[in-house]
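Okay, handing you the structure first.
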Amino acid sequence: MRKFFGVLSALALTAAIMTSGVAPSWAAPAPEAASRAAVPAAPTVSDPFLAKVLAVANSYRAANGAGPVVWNAAISTGSQQWAATVNGRINNGTVDMNKLHRTDYGRSILPKGADMSSEIIGINNNAQQIVDWWMGSPGHRAALLDKQATDIGFGQVKTTKAGWNGMTVVVANLAGYAASRAKQPQPPPVPVANNGDVAAVDPAGNLFIYGSARGGDLWQRKFVSAGWAGTQQLEIVDFNSDGRQDIIAKWKDGLLTVSYGQANGTLKAALRIGTGWGAYDIIATKWRSADKFPGLVAKQRVTGELFYYPSPNGTGFSARTKIGTGWGPLTILGVDFDGDGRPDIAARNRTGQLLLYRGNGGGGFIYETRRVIGTGWGSMTHLSGISNHLGTNAWGVLARDGAGNLLHYPILKGRWGARSQIGSGGWAPLLLGS
């Protein structure tokens with residue numbers, strides 16, 4: 001995961017403070033005085049730096065189901081005053097990152113009639129990094145994506161203080177107006193996950209989706225929900241075959257759940273579809289070509305037995321079938337390695353070899369000498385099959401190495417393509433799924 005701050009990476013900017021439900025007739029406190037230094041004129045939307053900030057911010061809002069915010073020149077005047085104040089404190093050495101905001105968080109600079117307001121501040125090298133940092137901070141993210149917001153003002157000042165590397169201070173003040181909101185176009189909701197995305201649960205139990213970057217760096221993520229602490233395995237799959245990706249979770253207490261993706265871009269509450277799964281490793285797949293819904297291939301770690309649990313309806317399972325024995329020491333992942341449209345299983349053995357078990361499409365395996373399709377996989381701390389990560393509908397393998405880097409190995413109909421490093425460091429503590 002990319003770190004944005006450079007020399008500021010160790011600094012913790014204050015989280016955005018939002019106010020909502022404020023009556024139009026509220027009496028704002030007196031605004032805090034700006035720096036006595038000359039305040040640059042309020043920028044306009046034509047300013048290339050801030051035009052880029054606005055464009056990136058609105059792209060994130062659209063991707064998260066919020067309408068665009070429009071540039072407000074009146075708000076920008078007040079935002080510019082505060083950007084100059086913050087920069088003045090940087091210059092004289094009195095800046096306090098825990099007291100970066102105005103005492104009223106910018107409410108007093110807003111034109112009358114606002115029914116919500118928020119203030120967010122970023123200090124970074126370029127417009128993209130400013131917005132990306134806001135998106136990576138829960139408070140700032142919530143403010144930026146607030147669907148009540150309709151207007152935004154920006155202020156910016158480029159730092160000149162030694163040690164700040166010429167970074168830019170950006171102050172953004174958001175406001176909401178009922179009249180504007182009625183006219184605000186709302187983009188269609190985006191799905192929780194697409195085929196080819198990566199799911200991740202952090203140590204605090206928060207679920208994130210990293211959208212496929214077509215082999216590029218997976219730095220952009222979407223927060224889905226909290227409450228995932230205790231998960232042991234994640235699978236992204238369209239379990240009920242409705243065209244939307246769902247999340248199957250196997251929990252440490254043996255519970256198996258499915259959370260269905262909804263048309264409004266959210267997940268339904270988790271539905272319990274099994275218990276006693278704690279000793280199993282699972283692959284969600286249409287193991288039989290004739291199946292309408294994906295089922296689960298499951299390895300019993302203690303006995304080494306391999307089973308297939310078909311799903312007749314996308315809500316549960318029918319009687320299981322044993323499809324193998326002796327799988328206990330193997331790490332299994334589902335792929336279509338030979339590109340024949342029938343799912344296969346790749347299995348890592350104790351020596352780090354990757355073996356290919358080709359499926360016959362009827363619920364079993366092709367009888368043949370097992371082919372070694374890779375060596376040196378023993379150090380990987382995560383392995384899973386991933387489909388369409390490059391947008392080509394082809395399969396690949398998602399892998400995490402011992403240094404916490406995330407890698408993608410594309411499969412090109414029986415052979416490997418050139419691998420990509422899609423995440424640099426920081427992935428070690430995450431529970432991953434694909």
Side-chain angles (χ1 to χ4, degrees), residues 230-237 239 248-258 272-289 291 293-311 316-338 342-387 395 397-402 409 411 431-434:
T231 48
Q232 193 178 60
Q233 192 174 348
L234 293 172
E235 292 278 299
I236 299 178
V237 64
F239 189 57
I248 290 180
K250 182 171 65 70
W251 301 76
K252 292 177 181 177
D253 62 3
L255 189 65
L256 189 70
T257 64
V258 60
R272 177 160 50 176
I273 55 175
T275 57
W277 288 81
Y280 290 83
D281 296 332
I282 62 172
I283 299 169
T285 180
K286 288 185 181 179
W287 182 241
R288 298 184 304 209
S289 299
D291 287 349
F293 301 95
L296 292 183
V297 172
K299 183 197 77 174
Q300 221 288 356
R301 292 192 297 272
V302 177
T303 67
E305 296 171 297
L306 195 69
F307 298 96
Y308 179 55
Y309 292 77
S311 177
F317 305 102
S318 53
R320 71 182 186 181
T321 302
K322 184 189 290 189
I323 58 175
T325 58
W327 291 75
L330 302 178
T331 300
I332 62 171
L333 51 153
V335 295
D336 178 10
F337 192 80
D338 57 8
R342 298 178 296 197
D344 308 317
I345 293 178
R348 181 183 63 184
N349 63 20
R350 287 172 173 164
T351 68
Q353 293 177 317
L354 205 60
L355 308 176
L356 177 61
Y357 293 78
R358 292 197 298 153
N360 61 18
F365 296 98
I366 294 175
Y367 183 75
E368 61 185 0
T369 301
R370 299 302 165 209
R371 175 184 166 192
V372 177
I373 57 174
T375 58
W377 294 81
S379 63
M380 298 298 178
T381 60
H382 173 86
L383 287 175
S384 61
I386 186 167
S387 174
W395 280 88
V397 170
L398 180 72
R400 179 179 57 205
D401 66 19
Y409 293 80
I411 296 172
L431 174 72
L432 302 176
S434 57

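The chain is numbered in sequence order, starting from 1. Quick caveat: nothing in here was measured; it's all calculated off a predicted structure.
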- Identify the two heavy atoms, one from G274 and one from L255, that lie closest to each other, and give their separation to 0.1 Å.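 Looking at all heavy atoms of both residues, the closest pair is O-CD1, 3.5 Å.
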- Query: Distance-only, no hydrogens or angles: does the D344 side chain make a donor-acceptor pair with backbone N or O of G359 under 3.5 Å?
  - Reply: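 Yes; judged by distance alone, with no hydrogens or angles, the pair exists.
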Contacts table for residues 361-374: side-chain donor-acceptor under 3.5 angstrom, sequence neighbours left out:
{"residue": "E368", "atom": "OE1", "partner": "R358", "partner atom": "NH2", "Å": "2.8"}
{"residue": "E368", "atom": "OE2", "partner": "R358", "partner atom": "NE", "Å": "2.8"}
{"residue": "R370", "atom": "NH1", "partner": "I366", "partner atom": "O", "Å": "3.1"}
{"residue": "R370", "atom": "NH2", "partner": "I366", "partner atom": "O", "Å": "3.4"}
{"residue": "R371", "atom": "NH2", "partner": "G414", "partner atom": "O", "Å": "2.8"}

- Message: Evaluate F317 against L256 for side-chain contact (heavy atoms from CB on, under 4.5 Å), listing each step before the verdict.
- Response: CA-CA 12 Å; F317 305 102; L256 189 70; 3.8 Å; yes
- Message: Could you report the tightest heavy-atom contact between P310 and A319, atom names first, then the distance?
- Response: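 Nearest heavy atoms, P310 then A319: CD-O, 3.5 Å.
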- Output the distance between atom CZ (R348) and atom OG1 (T351), rounded to the nearest 0.5 Å.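 R348 CZ to T351 OG1: 10.5 Å, rounded to 0.5 Å.
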- Message: Using side-chain heavy atoms (C-beta onward) and a distance below 4.5 Å, is I345 in contact with W327?
- Response: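 Yes. Closest side-chain heavy atoms under 4.5 Å.
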- Item | Sole candidate of D291, T285, T321 that passes side chain to side chain donor-acceptor pair (under 3.5 Å) when paired with Y308 |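 By the side chain to side chain donor-acceptor pair (under 3.5 Å) criterion, Y308 pairs with just one of D291, T285, T321: D291.
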- To the nearest 0.5 Å, what is the distance between CD1 (I273) and OG1 (T257)?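 Reported to 0.5 Å precision, the distance equals 7.0 Å.
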- Item | Nearest-0.5 Å distance that lies between atom CG in L355 and atom OG1 in T331 |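 That separation rounds to 11.0 Å.
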- Query: What's the spacing between L432 CG and I236 CD1 if we round to 0.5 Å?
  - Reply: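 Here the interatomic distance stands at 10.0 Å.
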- Query: Rounded to the nearest 0.5 Å, what separation is found between the CG atom of L398 and the OG atom of S387?
  - Reply: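 Here the rounded value is 12.5 Å.
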- Verdict with reasoning, L333 to W395, per side-chain contact (heavy atoms from CB on, under 4.5 Å): CA-CA 11 Å; L333 51 153; W395 280 88; over 6 Å; no
- Item | Over all atoms of both residues, closest heavy-atom pair of S384 and S434 |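 What the structure gives for the nearest pair is OG-OG, 2.6 Å.
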With a 3.5 Å cut-off and sequence neighbours excluded, list the donor-acceptor pairs that the side chains of residues 293-301 form with protein atoms.
{"residue": "K299", "atom": "NZ", "partner": "D281", "partner atom": "OD2", "Å": "3.3"}
{"residue": "K299", "atom": "NZ", "partner": "G328", "partner atom": "O", "Å": "3.2"}
{"residue": "K299", "atom": "NZ", "partner": "L330", "partner atom": "O", "Å": "2.6"}
{"residue": "Q300", "atom": "OE1", "partner": "V302", "partner atom": "N", "Å": "2.7"}
{"residue": "Q300", "atom": "OE1", "partner": "T303", "partner atom": "N", "Å": "3.1"}
{"residue": "R301", "atom": "NH1", "partner": "Y280", "partner atom": "O", "Å": "3.2"}
{"residue": "R301", "atom": "NH1", "partner": "D281", "partner atom": "OD1", "Å": "2.8"}
{"residue": "R301", "atom": "NH2", "partner": "G278", "partner atom": "O", "Å": "2.5"}

- Determine yes or no for a side-chain-to-main-chain donor-acceptor pair under 3.5 angstrom, with T231 supplying the side chain and W251 the backbone.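 Flag not set: sc T231 to bb W251 has no pair under 3.5 Å.
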- With distance as the sole criterion, is a donor-acceptor pair present between the side chains of T381 and R400 under 3.5 Å?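 Present: a donor and an acceptor within the cut-off.
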- Message: For the CD1 atom of I282 and the CD atom of E235, what is their distance to the nearest 0.5 Å?
- Response: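 I282 CD1 to E235 CD: 5.5 Å, rounded to 0.5 Å.
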- Please name the pair of heavy atoms, one in G433 and one in H382, separated by the smallest distance, quoted to 0.1 Å.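 Closest approach of G433 to H382, heavy atoms only: N-CE1, 4.4 Å.
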- Task: Evaluate the side-chain contact (heavy atoms from CB on, under 4.5 Å) criterion for residues V397 and W377: first the C-alpha distance (whole Å), next the side-chain angles of each, then the deciding distance (0.1 Å), finally the verdict.
- Result: CA-CA 11 Å; V397 170; W377 294 81; 3.9 Å; yes
